[in-house]
Amino acid sequence: MDRINIKFYDSLNKLLKKERRDKELSLELKLRQSVKDLIEALGIPHTEVGMIVIDGKREEFSFILKDGQKIEVYPAFNDVEEPKFQNLINYPKKFILDVHLGRLAKYLRIFGIDTLYENYYSDEEIVKIALKEGRVILTRDRGILKRRVVRYGYLVKSNESKEQLREIFLNFDLLPKIKPFLRCISCNGIVERVGKGEIIEELEPLTRKYYNEFFRCTMCKKIYWKGGHWERMEEFTADFLNKYNKGDIWKN
Ligand SMILES: [Zn+2]
């Protein structure tokens, strides 16, 4: 039986089973097995891989492995402030999230990041929209990311939503892209200033009485004003950015 040796570097080890981490693995090859198939059989979606080196030479995912080859696999993402490996892929700064990441979607929208999310999206729809619109798929599900057609994807590692936000900021270098309150939290539409006179009929009596500055989503028409909800969002963004810039890991 043909065998190969494979070693995973850095953060990729966290995606392997415990007993396989941080060591060179000697594995049996299947007939005409591509390096993509081998890596994904070990639980690592191809979207998490930044570079593959086989016998000292950089190769593609479709490379068919042969007996005795030595494979080195480097991560696309690092989850650390000072990555050892430069990510060679130029990722778009727009995203589509799977159905389990609703809170992360809201957080990204608060910062004005283009974020599609619907709790009824199927995996097929997510993949289709991502390809059509050039979006990065964010998911906790490795299965979606193993699909061959998926170009940009990221496996969200934390299950705590603010820590997830930190992961995305770090790995996609979002800080220069943020524009708090540009987007509607409900639908991702662009929010614009609107005159009080234009919307006065839609306001509750107390809102009408106490507030004068209003904004409206150009898509779903939701109205925003600088009341308690707005202030909580401002606090959230300030608090997150403060911790992020200090390099603190988010703990509630
Ligand atoms: Zn909206």
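Hydrogens, waters and symmetry mates play no part in the numbers below; they use all other heavy atoms, side chains included. Whatever order the structure lists ligands and atoms in, that order sets their numbers, starting from 1. Source: prediction; values computed, not measured.
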Nearest 0.5 Å please: distance from the CZ atom of F8 over to the CZ atom of R20. 9.0 Å

Starting from the C-alpha separation in whole Å, work towards a yes-or-no answer on ring pair (Phe, Tyr, Trp, His ring centres under 6.0 Å) for Y224 and F214. CA-CA 6 Å; Y224 293 85; F214 292 91; over 10 Å; no

Value rounded to 0.5 Å, distance of OH in Y154 from CD in Q164: 9.0 Å

Only protein N/O/S atoms count here: give how many lie under 2.8 Å from the Zn ion (ligand 1). 4

Do the two ring centres, one from Y244 and one from F169, sit under 6.0 Å apart? yes

For R135, what residues pass the salt bridge (charged side-chain N to carboxylate O under 4.0 Å, His left out) criterion, not counting sequence neighbours? D114, E133

With a 4.0 Å cut-off on N to O distance, would you call K196 and E213 a salt bridge? no

